[in-house]
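Following: one structure in structure tokens, then a few remarks.
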Amino acid sequence: MFANGQTSSGKTYTMRGITEKAVNDIYRHIVNTPERDFCIRISGLEIYNENVRDLLNLESGHNLKALDDPEKGTVVEKLVEETTNDDQHLRHLISIYEDLAGNERASQMNAEVLLVVKELQDV
Ligand SMILES: Nc1ncnc2c1ncn2[C@@H]1O[C@H](COP(=O)(O)OP(=O)(O)OP(=O)(O)O)[C@@H](O)[C@H]1O
């Protein structure tokens with residue numbers, strides 16, 4: 001999902017509301033499906049002046065490489081993925097990105113949060 005528009009048009013406001021509803025829906029589905037086990041992983045990146053930065057690993061620098069993978073599509077090398085324990089942990093991780101939206105360069109940057117929800121298979 002992309003939010004595009006002129007500055008102060010409400011991109012951050014809208015995405016915050018959608019994220020809250022999405023997290024609620026995901027965890028409601030997990031709670032209502034006790035016969036299955038799920039795993040949620042989250043990663044986040046910032047694109048600013050054509051440089052890619054890992055928001056969960058700021059020490060990795062500002063110029064990560066975006067690569068084309070024939071199966072996965074565009075992937076960013078060395079992007080950290082955290083496994084979330086519960087909805088509070090997930091909200092905490094998302095708040096890291098939301099904090100960035102208030103900074104002075106927010107109107108020129110793109111922030112992306114990737115959520116992967118996987119059903120764990122019996123072994
Ligand atoms: N639907 C809405 N209802 C009430 N207030 C809103 C709504 N949309 C945006 N606002 C308010 O308008 C202001 C600007 O919104 P926001 O920061 O989301 O814009 P933005 O498009 O992300 O801006 P920028 O590109 O500069 O980052 C904020 O104070 C926000 O709370």
Side-chain angles (χ1 to χ4, degrees):
M1 181 175 294
F2 292 92
N4 184 31
Q6 70 182 53
T7 192
S8 289
S9 58
K11 300 182 292 295
T12 306
Y13 185 93
T14 303
M15 291 308 291
R16 197 167 279 167
I18 289 173
T19 303
E20 182 67 23
K21 285 179 185 295
V23 169
N24 288 343
D25 275 359
I26 289 167
Y27 277 96
R28 189 179 306 120
H29 180 74
I30 290 174
V31 168
N32 290 337
T33 319
E35 68 277 15
R36 296 180 185 168
D37 286 327
F38 292 93
C39 163
I40 299 180
R41 297 197 307 263
I42 183 170
S43 58
L45 59 87
E46 173 201 272
I47 304 170
Y48 179 68
N49 279 345
E50 300 189 12
N51 291 322
V52 180
R53 184 165 71 139
D54 187 342
L55 296 177
L56 286 183
N57 182 20
L58 298 178
E59 286 78 38
S60 64
H62 284 72
N63 202 9
L64 299 183
K65 285 201 178 84
L67 308 168
D68 271 332
D69 182 288
E71 285 177 13
K72 297 179 186 166
T74 304
V75 293
V76 175
E77 67 170 4
K78 299 178 188 159
L79 192 65
V80 167
E81 267 192 344
E82 277 210 36
T83 302
T84 68
N85 310 320
D86 54 40
D87 61 333
Q88 290 306 317
H89 185 214
L90 180 55
R91 282 191 173 82
H92 167 69
L93 292 171
I94 289 172
S95 73
I96 295 173
Y97 312 124
E98 290 185 342
D99 287 347
L100 274 164
N103 76 17
E104 75 282 356
R105 61 191 215 188
S107 57
Q108 298 120 52
M109 76 169 201
N110 292 293
E112 179 182 313
V113 177
L114 182 66
L115 276 184
V116 177
V117 183
K118 270 198 144 181
E119 184 179 345
L120 300 176
Q121 304 291 329
D122 290 336
V123 284

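Heavy atoms only: backbone and side chains are in, while hydrogens, waters and symmetry mates are out. Each residue takes its place number in the sequence, starting with 1.
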**Asked** Is Asp25 salt-bridged to Lys21, going by a charged N under 4.0 Å from an acidic O?
**Response** no
**Prompt:** Nearest 0.5 Å, what's the CZ-CD1 distance between Arg36 and Ile30?
**Reply:** 12.0 Å
**Asp54 versus Gly44, closest heavy-atom pair with distance** = OD1-O, 3.4 Å
**Complete:** Partner of Tyr27 under side-chain hydrogen bond (donor to acceptor under 3.5 Å, both in side chains), picked from Asp86, Thr84, Asn32, is Thr84
**Prompt:** Should Val117 and Leu56 be counted in the same cluster of Ile, Leu, Val, Met, Phe, Trp and Tyr side chains packed under 4.5 Å apart?
**Reply:** yes
**Arg91 and Glu20, any side-chain heavy atoms less than 4.5 Å apart** = yes
**Request:** Show your working on side chain to side chain contact (heavy atoms under 4.5 Å, CB included) between Leu79 and Leu45 and close with a plain yes or no.
**Result:** CA-CA 8 Å; Leu79 192 65; Leu45 59 87; 4.0 Å; yes
**Item:** Residue Glu35 excluded, over 12 heavy atoms near CD under 6.0 Å
**Value:** yes
**Item:** Gly10 versus Thr14, closest heavy-atom pair with distance
**Value:** O-OG1, 2.7 Å
**Prompt:** Nearest 0.5 Å, what's the CG-CG distance between Asp87 and Asn24?
**Reply:** 7.5 Å
**Request:** Treat each ILVMFWY residue as a node, draw an edge where side-chain heavy atoms are under 4.5 Å apart, and state whether Ile42 and Val75 are in one component.
**Result:** no
**Message:** So for atom CG, which belongs to Asn4, do other residues, nucleotides or ligands contribute more than 12 heavy atoms lying within a distance under 6.0 Å?
**Reply:** no
**Item:** Within one Ile-Leu-Val-Met-Phe-Trp-Tyr cluster: Val80 and Ile40, side-chain cutoff 4.5 Å
**Value:** yes
**Asp69 vs Thr74, side chain to side chain contact (heavy atoms under 4.5 Å, CB included): CA-CA, chis, key distance, verdict** = CA-CA 6 Å; Asp69 182 288; Thr74 304; over 6 Å; no
**Item:** Main-chain N/O of Gly5 paired to Lys11 side chain as donor or acceptor, under 3.5 Å
**Value:** yes
**Fill in**
Value for OG1 (Thr83) from CG (Leu93), rounded to nearest 0.5 Å, stands at 10.0 Å
**Message:** Between Phe38 and Val23, is there shared hydrophobic-cluster membership here, with clusters defined by ILVMFWY side-chain heavy atoms closer than 4.5 Å?
**Reply:** yes
